[in-house]
Peer 1: 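First, the structure itself, so that you have it in front of you.
Atoms considered below: every heavy atom in the structure, side chains included; atoms not considered: hydrogens, waters and symmetry mates. As the structure lists them, so they are numbered: ligands from 1, and atoms in each ligand from 1.
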Amino acid sequence: MSKTLFINANLVLDGPAELRKGFEVVVDGSRIASASSSGPLPREGASVIDVSGCTLMPGLIDAHAHITGLSISPRNADRPASEIANAAADYLRASLMDGFTSIREAGGADHSIARRLASGEIIGPRLFYSGRALTQTGGGADFRTGDETEEPCGGTGPFSVMSVIADGVDQVRRAAREELRRGASQIKMFASGGVVFPSEAHATRYEYSMEEMRAIVEEARARGTYVMAHAYSDEAVRRCLAAGVRSIEHANFITEGTVEMMARHGAYLDPTFISLVQRIESAPETGLAPSIVENLRATVEKGRRVYEWARQYRVPIALGTDLWGLEAQRSQLRELEIRSEFDNPANIVASATRTNAELLNQVGSLGVVSEGAFADLLVVDGDPLQDIGVLTNPENNLKLIMKDGIIYKNDL
Ligand SMILES: [Zn+2]
């Protein structure tokens with residue numbers, strides 16, 4: 001097993017994010033063997049990397065990614081599976097090279113992609129996949145047109161299937177069990193409509209009955225995991241909380257009272273500003289109607305209020321992006337930049353590392369530089385706790401990427 005010793009490191013430590021100087025960190029195989037500031041560590045058999053003047057920090061985690069999109073539209077039904085598999089591989093590679101060492105996939109990726117990653121056939125972040133997202137007939141991830149009555153994406157291969165339609169307690173139970181059987185890390189469920197999808201004409205206030213949601217949560221818990229729910233509206237989020245959903249995605253339209261309720265339930269807020277911003281910016285090319293663009297702008301503004309309330313009520317804030325397609329991936333790091341307009345860099349770094357690790361049930365393993373954690377590390381030029389730009393310009397500032405003890409980039 002290979003050993004790496006980082007010397008003269010400024011470290012982003014666990015706890016209140018602060019920079020500490022003069023650390024040595026030993027990586028043995030895929031794990032951090034020790035991180036210490038009390039004098040030199042033994043160097044035998046280790047390759048020594050001097051990171052003087054740079055910051056050593058945990059790799060970034062994206063808690064809401066989609067890697068199987070070919071374009072900004074989640075509808076892949078008419079594209080060949082091979083194309084989608086290639087797109088997923090490209091997305092994963094680009095994401096890792098931007099400094100994301102883990103991503104939670106929110107619908108689309110499955111065991112076959114995870115297998116290719118594990119075998120080293122493709123490279124990318126650790127993949128916490130949801131498999132297919134559960135959606136009801138006419139729900140937020142039912143992408144059929146009015147002329148289509150069969151299941152969407154049917155027969156076009158495993159990669160194209162972002163969602164599965166399941167109605168009624170028996171069907172949702174079965175669908176959840178099926179994804180868990182195939183190794184899903186968590187279950188993704190649609191609890192309200194989207195904000196840009198075609199079904200907007202008859203947007204739902206909420207989706208799924210309480211019985212259906214409770215059944216999905218029960219199945220996830222049976223496997224020691226949890227449910228993440230796409231939910232924009234206030235009513236949808238309240239119902240999710242009552243049903244035991246742990247990870248609330250988006251939540252742009254919720255009230256202060258509901259944020260307080262999230263705090264009481266110990267739920268996580270996973271805002272995804274960049275996906276909205278990126279859709280606004282690309283509207284001229286994608287031909288998005290001006291009314292939808294206006295709606296998106298208002299949605300971003302509302303999300304900012306929710307974010308402030310979440311800070312106020314101490315709801316843990318995750319960091320997600322929700323981007324579709326390789327072109328959009330280029331904006332993955334911009335989620336950090338957008339948040340710096342209304343939050344400080346230390347909080348943003350904490351969301352992308354420690355909080356996301358907690359959300360993924362990886363406390364002590366991910367999101368920290370400490371003994372026993374996976375060696376998912378970045379070396380950046382500058383102090384990301386003072387200047388978020390240190391992370392958002394990987395070409396200039398990201399000097400080293402290590403995942404699972406393996407170095408993918410070293411410009412030192
Ligand atoms: Zn999503």
Peer 1: Just checking Phe342 against Phe273, ring centres under 6.0 Å apart?
Peer 2: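 Yes, ring centres under 6.0 Å apart.
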Peer 1: How about His250 and Asp270: does a side-chain donor come under 3.5 Å of a side-chain acceptor?
Peer 2: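 No, no side-chain donor-acceptor pair sits under 3.5 Å.
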Peer 1: What protein N, O or S atoms come within a distance below 2.8 Å of the Zn ion (ligand 1), ordered by chain and number?
Peer 2: His64 NE2, His66 NE2, Asp322 OD1
Peer 1: Here's a test for you: under side chain to side chain contact (heavy atoms under 4.5 Å, CB included), which of Thr55, Asn10, Leu11, Asn8 qualifies with Lys21?
Peer 2: Asn10
Peer 1: Applying side-chain contact (heavy atoms from CB on, under 4.5 Å) to Phe6 and Asp50, what does each step give before you reach the verdict?
Peer 2: CA-CA 6 Å; Phe6 294 99; Asp50 188 345; over 6 Å; no
Peer 1: Within the 4.5 Å heavy-atom criterion, are Glu358 and Tyr268 side-chain neighbours or not?
Peer 2: yes
Peer 1: Is there a salt bridge (charged side-chain N to carboxylate O under 4.0 Å, His left out) between Asp404 and Arg126? Walk through the geometry before answering.
Peer 2: CA-CA 9 Å; Asp404 219 24; Arg126 286 173 200 282; 2.8 Å; yes
